[in-house]
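Quick notes on the structure that follows.
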Amino acid sequence: MKEIRFYNTLVRQKVPFVPLAPPKVTMYVCGITAYDESHLGHARAAVVFDVLYRFLRFVGYEVVYVRNYTDIDDKIIRRAQEEGVTTQELAERYIRSYDEDMKALKVLRPTYEPRATEHIPQIIALIERLIQKGYAYVVEGDVYFSVEKFPEYGKLSGRSLEEMKAGARVSVSDKKRHPLDFALWKAEKPGEPSWESPWGRGRPGWHIECSAMAMHYLGETIDLHGGGLDLIFPHHENEIAQSEAATGKPFVRYWLHNGMVTVGREKMSKSLGNFVTVKQMLARHHPEALRLFLLSMHYRSPLDYSEKVVSDHEKALEGFYETLYLLKRLEPETDAPAPQHEKPLAEASKTLAHLETRFCEALADDLNTAKAIGELFSVEKVLNHLLKLCGRRPSAKHLEVAHQGIELVQKLGGKLLGILEEDPEIFIEKRRNRALEEKGLSREKIEALIKEREEARRAKDYARADAIRDELGKMGVLLRDTPWGTFWKVL
RNA sequence: GGCGGCGUAGCCAAGCGGUUAAGGCGACGGUCUGCAAAAUCGUUAUUCCGGGGUUCGAAUCCCCGCGCCGCCUCCA
């Protein structure tokens with residue numbers, strides 16, 4: 001296995017990944033603010049870091065993975081007030097909804113999924129530490145972090161305080177000593193949830209929760225911290241400032257940021273209203289098709305969403321499953337392969353092993369899932385060749401190579417990418433049922449017609465057989481005659 | 001304005017100085033098939049936004065343009 005390399009936002013280049021205390025790896029990813037349904041952008045971040053998590057475990061690391069839920073913030077408060085529910089009720093609802101989405105998308109559960117409101121003591125302790133060290137100040141029940149006290153402020157996003165002051169779109173609050181100072185603690189406002197603190201009742205600011213929870217679960221220096229590119233400034237910059245000011249130690253060894261999902265090249269976002277929710281997508285596509293789409297682009301690049309492209313990936317996925325389906329039906333007819341098959345079989349086996357290496361190297365190279373997917377589809381090609389080689393009389397040796405391929409698909413596709421892990425027969429039946437329902441077609445009718453056509457074919461009544469096929473074709477049903485019977489699919 | 005990124009076939013996309021520029025979707029032709037479909041074989045980028053430069057050699061490095069996007073405010 002070649003060394004693993006990641007693009008570290010902090011140093012702006014790809015660097016070898018060396019965990020602080022192998023085999024342990026600590027990893028923190030910014031989760032969602034639970035105030036609305038999650039969209040494709042949230043799904044991308046979750047799926048990308050899910051594959052990272054899977055890959056690190058696959059190569060033998062013991063990964064402690066934390067992904068938080070922000071369950072108290074301005075948007076949650078506003079939304080809860082609009083709906084006349086408590087912030088807890090609202091957050092709970094969307095956390096549950098997100099969990100459903102993640103489960104459907106086969107995103108593995110992180111080791112811990114902490115919520116901000118369940119870590120108020122840790123947050124307060126961290127703020128106190130910052131005040132003691134002179135990095136934070138109290139104004140009328142608010143506590144602010146003083147960016148000028150932290151000389152390295154801006155190191156992640158590549159800005160200086162001067163530059164940012166110049167372009168200042170930052171609202172100047174008379175309470176802040178510097179426009180970029182940010183709230184660690186916000187004084188209670190009437191009708192808003194609040195907690196006791198040394199500075200009076202109030203609630204935590206946004207940035208502090210991630211530092212507090214990351215340190216609580218993972219220690220003062222963590223290996224990996226992930227999140228969307230849009231979090232680099234100010235959120236992650238602020239996390240660094242708070243954490244490193246408090247501990248005097250590096251907070252994160254490797255910062256990883258995923259690119260945005262775009263629509264017509266524009267960022268998908270709530271405010272632009274150009275978002276598609278995960279639930280809407282799941283209603284139209286197989287979850288694995290979504291994963292395939294989300295992983296088809298390198299994680300740091302923008303990913304432009306369009307139904308056509310998602311469907312293209314879905315078709316590719318279906319084709320792969322159809323190959324697996326046929327492969328699974330093979331039964332050995334003889335013990336030994338025909339002599340002229342021995343060499344191709346040996347070559348197929350060798351190619352499969354080679355593809356596995358290439359696949360893993362792709363992931364090791366800054367999680368290049370797009371390349372890895374390419375290698376995986378080359379496995380499909382090998383399997384199709386094998387299928388052809390098998391013909392109607394596969395030998396035990398043919399089957400052995402077939403199983404090697406199937407296992408490889410389960411390992412690389414299933415275990416690492418979270419795709420192609422269903423039973424092909426179940427996958428195909430699910431697709432059929434979904435398509436039948438969409439088009440309002442009757443399975444019984446289709447199957448009866450197919451049976452009738454098969455009888456006609458046996459009787460060599462091809463005119464009748466073709467008439468039935470045309471009829472089914474008009475219904476959107478495509479037929480494919482195989483040695484094991486007629487395979488059908490609804491387009 | 002500052003910082004960062006992108007521009008590869010009809011569409012999506014890999015490629016990080018050196019074999020025939022991965023892979024997917026699509027299109028066209030051959031094989032297979034009763035005919036289809038699927039599969040398979042071949043064709044579909046003599047060339048990587050444009051122009052210079054470095055180099056024995058560049059899609060890959062440098063410079064100058066053009067176009068697009070993200071961040072600088074809450075945001076995955």
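Per chain, numbering begins at 1; letters A, B, ... match sequence-line order. Reckoned from all heavy atoms, side chains included, excluding hydrogens, waters and symmetry mates.
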Taking atom P in both B:U46 and B:A21, what distance in whole Å separates the two?
11 Å
Could you measure between the two P atoms, the one in B:A9 and the one in B:U60, and give it in whole Å?
15 Å
Tell me which nucleotide among B:A38, B:C72, B:G15 gets nearest to the side chain of A:N368.
B:G15
Starting the side chain at C-beta, find the nucleotide from B:A76, B:A37, B:A14 nearest to A:L478.
B:A37
Look through every strand shown and name the nucleotide pairing with B:C56 as Watson-Crick or G-U wobble, where both distances are under 3.5 Å.
B:G18
Any N or O donor-acceptor pair under 3.5 Å from the base of B:C16 to the side chain of A:K14?
yes
Can a side chain N or O of A:R265 be found less than 4.0 Å away from OP1 or OP2 on B:C12?
yes
Tell me which residues in residues 67-76 of chain A lie within less than 4.0 Å of RNA chain B, going by non-hydrogen atoms.
A:K75
Any cation-pi pair here, A:R159 with A:F233, using under 6.0 Å and within 45°?
yes
If I pick the P atom on B:C48 and the same atom on B:A59, what distance separates them, to the nearest angstrom?
7 Å
Would you mind telling me which of A:V382, A:L352, A:L376, A:L383 makes a side-chain contact (heavy atoms from CB on, under 4.5 Å) with A:L408?
A:L352
Selection: residues 42-52 of chain A, any non-hydrogen atom under 4.0 Å of RNA chain B
A:H42, A:A45
How far does the C1' atom of B:C62 sit from the matching atom of B:C16, given to the nearest Å?
15 Å
Work out how far the C1' atom of B:A45 is from that of B:U40, and round it to whole angstrom.
24 Å
Nucleic acid footprint by protein, nucleotides 20-33 of chain B - heavy-atom cut-off 4.0 Å, B for base, S for sugar-phosphate alone
--BSSSS-------
Expressed as a whole number of Å, how far does the P atom of B:G17 sit from that of B:A13?
22 Å
Under 4.0 Å between a side-chain nitrogen and a carboxylate oxygen: does that hold for A:K14 and A:D366?
no
Check for me whether the distance between the ring centres of A:H285 and A:H313 falls short of 6.0 Å.
no
Any side-chain N or O of A:K267 below 4.0 angstrom from OP1/OP2 of B:C71?
yes
Using heavy atoms and a sub-4.0 Å distance, could you list which residues of residues 98-116 of chain A are near RNA chain B? By number, please.
none
Pairs meeting criterion salt bridge (charged side-chain N to carboxylate O under 4.0 Å, His left out) with involvement of residues 224-235 of chain A, two or more places apart
A:D230-A:K267
Relative to A:Y35, does A:K270 satisfy both conditions: NZ or CZ under 6.0 angstrom from the six-membered ring centre, and within 45 degrees of the ring's axis?
yes
Looking at A:H257, I'd like to know whether one of its side-chain N or O atoms comes within less than 4.0 Å of OP1 or OP2 on B:G5.
no
Sequence neighbours excluded, every pair satisfying ring-ring contact (aromatic ring centres under 6.0 Å, His included) that has a member inside residues 363-389 of chain A:
A:F320-A:F377
